[in-house]
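Working notes, structure below.
Within every chain, numbering begins at 1; the chains are lettered A, B, ... in the order of the sequence lines, protein sequences first and strands thereafter. These numbers were taken from a predicted model, which means no experiment stands behind them.
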There are 2 protein chains.
Amino acid sequence: MATVSRVVNHNHNVKPATEQKVMEVVKRLNYRPNDVARGLASKKTTTVGVIIPNVTNSYFAALARGIDDIAEMYQYNIILTNSDGDEQKEVKALNTLYSKQVDGIIFMGHELCPAVRVELEAERIPVVLAGSVDPDNEFPNVNIDYQAAVHNQVNNLLASGNQRIAFVAGELNRSINRDFRIPGYQAALSAQQQPVATELLFEAGNYDEGYALCDDLVKNRVTAAMVSNDEAAAGIMNGMNDRGITVPGQFEVATSDNTKLTEMTRPTLSTITQPLYDVGAVAMRLLTKLMDNQVVEQKQVLLPFGLKQRGSTKAS
Amino acid sequence: MATVSRVVNHNHNVKPATEQKVMEVVKRLNYRPNDVARGLASKKTTTVGVIIPNVTNSYFAALARGIDDIAEMYQYNIILTNSDGDEQKEVKALNTLYSKQVDGIIFMGHELCPAVRVELEAERIPVVLAGSVDPDNEFPNVNIDYQAAVHNQVNNLLASGNQRIAFVAGELNRSINRDFRIPGYQAALSAQQQPVATELLFEAGNYDEGYALCDDLVKNRVTAAMVSNDEAAAGIMNGMNDRGITVPGQFEVATSDNTKLTEMTRPTLSTITQPLYDVGAVAMRLLTKLMDNQVVEQKQVLLPFGLKQRGSTKAS
DNA sequence: TTGAAAGCGCTAACAT
DNA sequence: ATGTTAGCGCTTTCAA
């Protein structure tokens, strides 16, 4: 019994001869260890919970792929739950994951709302936020420097002479926007002595909303937009072109995620480049260390970003 | 002990008064049942394994969302594993899932290769294929009638006068192509007395491959393409336009999945419409019945499809 | 309607 | 290096 356990778990205190014998029987009987029993006895499930707003969102899907690949590499499985960024669903999902005794959690969300924070703090199981900011920087997380990225990209829009640049995000009041992107956007404007008007802040979180937003943009005499979501950016670009306002000639669009979509639209979309897969991968790698009780010096990691000027802006 | 178990599991043989008492203590002690112990004792984990080629593929991501929503509805959790459609990874993933004692499996793959089939048959745990064909129709599965869908869409390409219509898929030799789509394509050609030449069969499974394929297409004097993957279709369309061959004027493109991408490209892509979310949802619903030992009359389900003519074809 | 007891299939401490 | 034993935290008979 115990010896079989040792062999199966690659414990070293087994005589090679008996190991062979056990292996032979394991094969012959087609024995497969029961992970549930293992989990109960060892208090480790080699399973991590992943909360994602929506798998069909290509930004998060890219992170999820990075997460799963590294999880697999470290022999963990992933329990994936879509939350739609909804507080209720997030809390419910967390409770389910706790019941399932997951060894750790990767949380992705637009926002870290108080109820979720409480839930996360209540258990002492490791959590890492992936592509999701924690304004208090309390939890380990991996992101890029959204503020600097937006700042730089807006600089490009400024450089080509735009006087009224809009900032567009799914929900302006989310921490990632309120505390990082918008300050980056405003800092860029201020540095050029441009007024910072809230009337230039708009909401659009997907293609259709972006497309529909064009009327508002035109009404406000906006000539360029810094968008925080690739699909919304595509919607704005197509919407403008369909209204006879050509991009980038009469209107410039810059976006944030560098998903494959930015290469598939016409014109192609200028964007901030983020290592999406790596954000997920690094988050998972960090979580493995935490689950392994290793000491981690840097629990807040910022991955490098870049800017890619393509067809939707005039900048070269 | 046993009474608490009854209360937690909503067993009816409990006096309301004691139920209240138990509930009160549960709350006070912040008691949360351990699903692992539950799983060991009851031999049910309320977890299903989901094998997906790649979450970042929007076709499969859409199915995954449908799967997760229904799973959640029936109180199941999902263990998600990316396989890249690789036989080795699929087999490995299945074994891991079996060890984890999942109650059922949803399999998505480009192909149901022999090794996987063997693995699936070896265990008697329920499996449902989602958006993935089983040429032998041995396993429960939910799909659309790919053959008819392609046949109809090719008819439209024929109607606008094309004499050399290409068929493009990720891998021509996959069952879904070999046994369903290509026969549909060929039947449409044959019905119009058009020769069925293998030189009109091409491979491209993503945007870049589609884009690169254009040279071959031009070389072969192709004037229209029936593509089995939206991203590849976008690549072909952009590739043609970039080469000065305008779509749909000089080249028509029709695709298969109706992912959101088909509305985001310019021109927009004409496509077969499939209820992607529903394919996943119905598959999961079917699996719940199977896991519940309910008798299911129809284990092979074909969901309705449609055709949507947009900007990449001349047909109205 | 409730309690007592066995046991799910392992791991881990302990003994040998 | 191997065997023995005691749980892990529940569900599920079986009695009462």
(Q) How many whole angstroms separate atom NZ of Lys15(B) from atom P of dT1(C)? (A) 9 Å

Q. Which is true for Asn34(B) with a 4.0 Å heavy-atom rule: it touches a base, it touches only sugar-phosphate, or it touches nothing?
A. sugar-phosphate

Q | Residue whose closest nucleotide on DNA chain D lies nearer the 5' end, Arg6(B) versus Val36(B) | A | Val36(B)

Q. Separation of Asn13(B) atom CG from dA16(D) atom C1', in whole Å?
A. 15 Å

Q.
Nearest 0.5 angstrom please: Asn141(B) CG to Ile106(B) CD1, how far?
A. 11.0 Å

Q | Arg6(A)-Asn13(A) side chain donor-acceptor pair, cut-off 3.5 Å | A | no

Q) Distance check: side-chain N/O of Thr3(B) vs OP1/OP2 of dT2(C), anything under 4.0 Å? A) no

Q) Any chance the side chains of Gln101(B) and Asp35(A) put a donor and an acceptor closer than 3.5 Å? A) no

Q. Is Asp179(A) salt-bridged to Arg174(A), going by a charged N under 4.0 Å from an acidic O?
A. no

Q | Under 4.0 angstrom between Thr18(B) side-chain N/O and dT2(C) OP1 or OP2 | A | yes

Q) Expressed in angstrom and rounded to an integer, what is the separation of Asn9(A) atom CG from dA12(C) atom P? A) 7 Å

**Q.** Given DNA chain C, 5'-ward residue of the pair His12(B) and Ser42(B), judged by closest heavy atom
**A.** His12(B)

Q: Report the distance from atom CZ of Arg32(A) to atom C1' of dC10(C), rounded to the nearest whole Å.
A: 16 Å

**Q.** Between dG9(D) (C1') and Leu29(B) (CG): distance, integer Å
**A.** 15 Å

Q.
How many whole angstroms separate atom NZ of Lys43(B) from atom C1' of dT13(D)?
A. 15 Å

Q: Take the protein atom CG of Leu40(A) and the nucleotide atom C1' of dA6(D), then report the distance between them rounded to whole Å.
A: 13 Å

Q.
At less than 4.0 Å, is any side-chain N or O atom of Ser5(B) found next to OP1 or OP2 of dT11(D)? Yes or no.
A. yes

Q.
Would you compute the distance between atom CZ of Arg285(A) and atom CE of Met73(A) and round it to the nearest 0.5 angstrom?
A. 9.5 Å

Q.
Mind checking if Asp35(A) touches a base, just sugar-phosphate, or nothing, with heavy atoms under 4.0 Å?
A. nothing

Q. Which of these nucleotides, dA4(C), dG9(D), dT11(D), is closest to any side-chain atom of Ala37(B)?
A. dG9(D)

**Q.** d(CE, Met1(B); C1', dA4(C)) in whole Å
**A.** 12 Å

